[in-house]
S.K.: 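Have a look at this one before I ask anything.
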Amino acid sequence: MQEQSEALDILDRLREELNVSRGGFFSKKPDIALCADLCDKLARVLPDSMTDAERISQKRKEILSNADVVAKNTIRAAEEKANKLISETEVVKNAQIASNRIIENAYTQCDNLILRTKTHLDNLFKEMENFLCSTLAVVRTNREELRTARLDDKK
């Protein structure tokens with residue numbers, strides 16, 4: 001930064017020296033030796049300034065390149081995370097669908113089991129009813145026989 005300021009000072013002094021000659025016919029002529037000395041000083045200062053400017057320009061390019069890499073990596077990471085979340089969402093969605101199927105299947109099996117149980121109980125009750133009816137028929141028959149035998153005994 002100091003070289004840049006020094007280079008600008010040298011250029012200002014050179015301009016002043018060269019502008020002196022514009023005054024007309026009787027004006028002072030520029031000091032050629034001073035101008036040459038200023039040009040030499042400028043030539044010594046400028047390479048340092050040019051080197052600094054080149055270094056700054058290169059550093060700027062590196063910073064921009066690094067920023068670009070970081071930005072691309074951030075975008076890639078965000079895309080990967082988004083894809084992972086989408087994938088996880090799909091897994092959850094598929095799991096919910098599968099669980100709904102399992103629940104529906106369980107309800108269907110439960111309904112079938114209840115129906116089979118009711119049918120089995122109805123068959124058991126029917127057999128019990130038939131057994132009881134046949135037992136009742138035997139009891140009636142035995143009572144009738146007993147009544148008939150009792151009446152025969154009274155005679």
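Not measured: the values here are computed from a predicted model. Side chains included, hydrogens not; waters and symmetry mates left out as well; all remaining heavy atoms used.
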S.K.: Flag the pair R147 and E144 as a salt bridge only when some basic side-chain nitrogen lies within less than 4.0 angstrom of an acidic carboxylate oxygen.
M.R.: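 Salt bridge: yes.
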
S.K.: Out of curiosity, E88 CD to K81 NZ, how far, rounded to the nearest 0.5 Å?
M.R.: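 Interatomic distance, E88 CD to K81 NZ, rounded to 0.5 Å: 9.5 Å.
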
S.K.: With a 4.5 Å cut-off on side-chain heavy atoms, are L124 and M128 touching?
M.R.: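 The answer is no; the side chains never approach within 4.5 Å.
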
S.K.: Quick one, D122 with K118, criterion salt bridge (Lys or Arg N to Asp or Glu O under 4.0 Å). Give me CA distance, side-chain angles, the key distance, then yes/no.
M.R.: CA-CA 6 Å; D122 185 52; K118 286 179 179 178; over 6 Å; no

S.K.: Is there a path of hydrophobic side-chain contacts, each under 4.5 Å between heavy atoms of I, L, V, M, F, W or Y residues, that connects V139 with L132?
M.R.: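 In one cluster with V139: L132, no.
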
S.K.: Using 0.5 Å steps for rounding, measure from the CD atom of E90 to the CD1 atom of I97.
M.R.: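 Going from CD on E90 over to CD1 on I97, the span is 8.5 Å.
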
S.K.: Using a 4.5 Å cut-off on heavy atoms from C-beta on, say whether the side chain of D12 contacts that of R15.
M.R.: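 R15 vs D12: side chains touch.
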
S.K.: Applying salt bridge (Lys or Arg N to Asp or Glu O under 4.0 Å), run through E129 and K126 and close with a yes or a no.
M.R.: CA-CA 5 Å; E129 181 184 13; K126 184 177 179 182; over 6 Å; no

S.K.: If every non-hydrogen atom of L11 is compared with every non-hydrogen atom of L42, which pair is closest and at what distance?
M.R.: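 So the minimum-distance heavy-atom pair works out to CD2-CD2, 3.5 Å.
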
S.K.: Which value, rounded to the nearest 0.5 Å, describes the distance between N123 atom CG and N130 atom CG?
M.R.: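 Taking CG in N123 and CG in N130, the distance rounds to 10.5 Å.
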
S.K.: Quick one: does R44's side chain get under 4.5 Å of K41's, heavy atoms only?
M.R.: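 Yes. Closest side-chain heavy atoms under 4.5 Å.
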
S.K.: In Å and rounded to the nearest 0.5 Å, what is the CD1 to CG distance from I63 to D68?
M.R.: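 Spacing of CD1 (I63) from CG (D68) equals 13.5 Å.
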
S.K.: Would the distance check show the side chain of S99 and the main-chain N or O of Q96 forming a donor-acceptor pair, the cut-off being under 3.5 Å?
M.R.: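 Present.
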
S.K.: I'd like to know if the side chain of T135 reaches the main chain of F131, judged simply by a donor and an acceptor atom lying under 3.5 Å from each other, with no hydrogens or angles considered.
M.R.: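 Indeed, once roles are kept as given, a pair shorter than 3.5 Å links the two residues.
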
S.K.: Give, for atom CD of Q109 and atom CG of N105, the distance between the pair rounded to the nearest 0.5 Å.
M.R.: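 Q109 CD to N105 CG: 4.5 Å, rounded to 0.5 Å.
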
S.K.: Check whether any side-chain N or O of S87 sits under 3.5 Å from a backbone N or O of N83 as a donor-acceptor pair, and report yes or no.
M.R.: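 No: the side chain of S87 does not pair with the backbone of N83.
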
S.K.: Spell out, as yes or no, whether a donor-acceptor pair under 3.5 Å connects the side chain of S57 to the backbone of A53.
M.R.: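 Looks like no, no N/O pair under 3.5 Å.
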
S.K.: Under the side chain to side chain contact (heavy atoms under 4.5 Å, CB included) rule, what do D111 and L115 come out as? Steps first, then yes or no, please.
M.R.: CA-CA 6 Å; D111 289 344; L115 181 63; over 6 Å; no

S.K.: Measure the SG-CG distance between C39 and L34 for me, rounded to the nearest 0.5 Å.
M.R.: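 These two atoms lie 9.5 Å from each other.
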
